[in-house]
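Okay, structure first, notes after.
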Protein chains: 2
Amino acid sequence: MARATGKSEAVYERLKGDIESLRLRPGAKLGEVQLGEELGASRTPVREAIRRLAGEGLVDFVPGEVARVAAISLGGVRALFEFRMLLEPRAAASVATVGAADERTLVPFRELLVRLEVFDESFRALDSSAQAGSYQEFYGITEAFDQAVIAACRNPYLARTIRDLRSQTVRLRHLSHSGPRRMLTSLEEHRAMLKAVTHGDAQAAEAACRHHLAQTLQALIDSLTGLDPTLGTDVSLDVAG
Amino acid sequence: MARATGKSEAVYERLKGDIESLRLRPGAKLGEVQLGEELGASRTPVREAIRRLAGEGLVDFVPGEVARVAAISLGGVRALFEFRMLLEPRAAASVATVGAADERTLVPFRELLVRLEVFDESFRALDSSAQAGSYQEFYGITEAFDQAVIAACRNPYLARTIRDLRSQTVRLRHLSHSGPRRMLTSLEEHRAMLKAVTHGDAQAAEAACRHHLAQTLQALIDSLTGLDPTLGTDVSLDVAG
DNA sequence: CGCCCGTAAGCTGTATACAGAAAAGTGTGC
DNA sequence: GCACACTTTTCTGTATACAGCTTACGGGCG
């Protein structure tokens, strides 16, 4: 068929969204027949989508068994952030370096910096109940930042790996909304990253990104251990900030 | 069916081998029907295998079009090695650190060091025609080293990403067998990496790995530009040794 | 009361059928 | 002789059918 909206792609996007948003809980069974009926597709596109999601680590898949939404463990979260801390600071530095030589690549980052400043000002003017409604815009900015880094990244392997990891990060965010205090510090961290990048300061960009990831991981851990103290630990590789 | 030998898996392994060994040349068409007939399978397992290989970068895949064996470009090779240089030195350092605390993880590395010394001695005793026949054992050692690093790597994301990249590296090796001179320097580089790891010296392991990758890339570039000067360039991210 | 085993239902792996989109080949017009 | 348009073929995307493995449930035994 290969219709304009490709059914396999549609199922993939739908499933990905449902997993990221936790509408599908970790460990939930992903039966091919059942999902096909729910999404109005046959098994073939569903199968394909499940394999793709397994490749991104959003689905636990063992041949012959029912696929399940990937479990979340404290160790897994640590490993994820340790890995991100290896990739993303380097990507940020690379973007800053490239931007220093080619102004055009910095345009989206300058726009984001403006958008962030506008948001910051309006946010501080709100009372706490109204602030809650601002999460959307804030997450929009952080998402756009990550996307901009990926788009500006010249190394396709690095770009792709970072992109594939985003889904998992998004899901973790949905698992534990941090309070407005963390949001403000995160905003500050993004300001630092944006300024470093737009100034073409690779070293500062790298440091700011490392700091941001370390802070985010810490907030996540606090939030998770509060939610469920029985998650489990292990996994190595240093997590220096 | 889900027979012990899983047909999808078999097709995947076969295709992967054929692509790595260049029996299937870059750009070769991978028609699902044709491959199915050749490998004695229906389209379904073939499709699955092709998607997996596309995920590993061994196949260029555009929905609706015929899948093709991934092209090779000088820029792509550079990007691959830049990315490996970000991951593997870190993994080597991590393995050295872990090994310093837990002797058991070093066992395979000690064994490899012995195997390498034995090979080195016997290799130097051969005349140049007989040396050519030793490539197999040498590549076996380097392969085993990479596998050991992956196995010892505590971070599953890092381990998996390095593993997925190996196929491409193997293919490049088949594309351009370097001469015995490069083999000897590569052997020396592996000795350095093994010694650093078994001594628990993370910094030395990282440096040795970076050096090895830089040297390998250089040898590859020399070999490739000699083979086909019309490959194309571009791609950034520094390749410091 | 708990454990084990057998049966049955459900699910995945694979093969195949059908519809529509690429792609290749062919013939025509310039 | 070359470019373009059309026809035909081939391929992919999707749906569905069948076989064997997994798993869940229920009954019997210790």
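Proteins come first, then strands; the chains are lettered A, B, ... in the order of their sequence lines, and each starts at number 1.
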In whole angstroms, how far is the [atom2] atom of [N] from the [atom1] atom of [X]?
| X | N | atom1 | atom2 | value |
| --- | --- | --- | --- | --- |
| B/Phe61 | D/dC11 | CZ | P | 16 Å |
| B/Leu30 | D/dC11 | CG | C1' | 13 Å |
| B/Glu32 | D/dT14 | CD | P | 11 Å |
| B/Gln34 | C/dA24 | CD | P | 13 Å |

- Query: Sequence neighbours excluded, which residues qualify as side-chain hydrogen bond (donor to acceptor under 3.5 Å, both in side chains) partners of B/Arg25?
  - Reply: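 Counting only residues at least two positions away or on another chain, B/Arg25 forms no side-chain hydrogen bond (donor to acceptor under 3.5 Å, both in side chains).
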- Message: Taking ring pair (Phe, Tyr, Trp, His ring centres under 6.0 Å) as the definition, give me every residue that meets it alongside A/Phe119, ordered by chain and number, with sequence neighbours left out.
- Response: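 For A/Phe119 the ring pair (Phe, Tyr, Trp, His ring centres under 6.0 Å) partners, ignoring immediate neighbours, are A/Phe123.
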- Item | For A/Phe145, ring pair (Phe, Tyr, Trp, His ring centres under 6.0 Å) partners two or more places apart |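 Expected list: A/His190.
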- Query: Between D/dT22, C/dG13, C/dA23, which one does the side chain of A/Glu65 approach most closely?
  - Reply: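 Per side-chain heavy atoms of A/Glu65, the pick is D/dT22.
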- Taking salt bridge (Lys or Arg N to Asp or Glu O under 4.0 Å) as the test, write out the residues that go with A/Arg52, two or more places apart.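 A/Arg52 satisfies salt bridge (Lys or Arg N to Asp or Glu O under 4.0 Å) with A/Glu9 only.
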- Message: So, using salt bridge (Lys or Arg N to Asp or Glu O under 4.0 Å) as the criterion, who are the partners of A/Glu13 when residues are at least two apart?
- Response: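 Once residues adjacent in sequence are excluded, A/Glu13 has no partner under the salt bridge (Lys or Arg N to Asp or Glu O under 4.0 Å) criterion.
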- Would you indicate, yes or no, if D/dA15 has its OP1 or OP2 atom less than 4.0 angstrom from a side-chain nitrogen or oxygen of A/Lys7?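 For D/dA15, OP1 or OP2 has a side-chain N or O of A/Lys7 closer than 4.0 Å.
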- Residue whose closest nucleotide on DNA chain D lies nearer the 5' end, B/Ala67 versus A/Lys29: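 Looking at the nearest nucleotide for each, B/Ala67 comes out on the 5' side.
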- Which ones in residues 37-58 of chain A lie close to DNA chain C, meaning a heavy atom under 4.0 Å from one of its atoms?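 Those residues whose heavy atoms fall under 4.0 Å from DNA chain C, taken from residues 37-58 of chain A in numerical order, are A/Arg43, A/Arg47, A/Arg51.
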- Counting N and O atoms only, with roles assigned by atom type, does the side chain of B/Ser94 sit under 3.5 Å from a partner on the main chain of B/Arg90, one being a donor and the other an acceptor?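 Between the backbone of B/Arg90 and the side chain of B/Ser94 there is no qualifying donor-acceptor contact (under 3.5 Å).
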